[in-house]
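Here the structure comes first, spelled out in structure tokens, and everything after it is commentary.
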Amino acid sequence: MSDHYLEDQGEKSVVIVMTSGPSTAHRCATPFYLGALLSSMDAEVKIFCTMEAVRLMQTGVAENLSAMAGGKRIIDFIRDAKNAGVEIHVCRPALPGYEIEADNLIEEVDAVASAGDLADLILSVDRLLFF
């Protein structure tokens, strides 16, 4: 058996735990870009936004944020990831700390989830990444 992904035909699952948000905008595009790339390689990808990353899921925030001056908007990276098949989960316990209501999230969000849901994902996934 090879260690190279492309030679391994088994199913792969990846969870990306994202904590970066608007205060570190330069870190906000890569998780969605990488998620889209992995999904296009037939991996099952879920991005779990917690801590400040929940702010990216608030309506109006990612639409007005870029990782670099003049660059592609973060919302476009999010939409590219969704179009590639990535699921986006938002941490319910983090929302009140940023005064965000669950009904004020962008339509790309698949689920508002608990810390227990994140724990289940972590224990069941093949690969785990943190940003």
*Just by distance, do the side chain of T19 and the backbone of C49 share a donor-acceptor pair under 3.5 Å?*
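Flag not set: sc T19 to bb C49 has no pair under 3.5 Å.
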
*asked:* Once salt bridge (charged side-chain N to carboxylate O under 4.0 Å, His left out) is applied, what residue pairs with a partner in residues 64-75 remain, sequence neighbours excluded?
replied: K72-D80, R73-D76

Side chain to side chain donor-acceptor pair (under 3.5 Å) involving [X] - partner list, sequence neighbours excluded:
| X | result |
| --- | --- |
| R55 | none |
| Q58 | none |
| S114 | D117 |

*Output all residues satisfying salt bridge (charged side-chain N to carboxylate O under 4.0 Å, His left out) with E63, sequence neighbours left out; order by chain, then residue number.*
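E63 satisfies salt bridge (charged side-chain N to carboxylate O under 4.0 Å, His left out) with no residue once adjacent residues are dropped.
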
Atom pair [atom1]/[atom2] of [X] and [Y] - distance to nearest 0.5 Å:
| X | Y | atom1 | atom2 | value |
| --- | --- | --- | --- | --- |
| L105 | D110 | CG | CG | 11.5 Å |
| C28 | I78 | SG | CD1 | 8.5 Å |
| T50 | F130 | OG1 | CZ | 10.0 Å |

Could you tabulate the donor-acceptor pairs under 3.5 Å formed by side-chain atoms of residues 88-101, not counting sequence neighbours?
unit_1: H89; atom_1: NE2; unit_2: E87; atom_2: OE1; d: 3.1
unit_1: R92; atom_1: NH2; unit_2: V112; atom_2: O; d: 3.0
unit_1: Y98; atom_1: OH; unit_2: E52; atom_2: N; d: 3.3

*asked:* Go through it in stages, so that I can follow the logic: the residues are E108 and R79, the test is salt bridge (charged side-chain N to carboxylate O under 4.0 Å, His left out), and I'd like the CA-CA distance, side-chain angles, deciding distance and then a yes or no.
replied: CA-CA 7 Å; E108 289 78 10; R79 289 176 178 154; 3.0 Å; yes

*asked:* Applying side-chain hydrogen bond (donor to acceptor under 3.5 Å, both in side chains) as the test, list every pair that has at least one member in residues 118-131; sequence neighbours left out.
replied: S13-D126

*Under the side-chain hydrogen bond (donor to acceptor under 3.5 Å, both in side chains) rule, what pairs show up with a residue in residues 27-36, not counting sequence neighbours?*
S20-R27

*Residues forming a side-chain contact (heavy atoms from CB on, under 4.5 Å) with L121, sequence neighbours excluded*: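 L121: side-chain contact (heavy atoms from CB on, under 4.5 Å) contacts with V15, K46, F48.
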
_Those residues that, when tested against A29, pass side-chain contact (heavy atoms from CB on, under 4.5 Å) (two or more places apart)_ =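 Scan of A29 (side-chain contact (heavy atoms from CB on, under 4.5 Å), adjacent residues dropped) gives A67, I74, F77.
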
*Under a 4.5 Å side-chain heavy-atom rule over Ile, Leu, Val, Met, Phe, Trp and Tyr, are I75 and I16 clustered together?*
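As far as the 4.5 Å side-chain criterion goes, I16 and I75 are connected within one cluster.
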
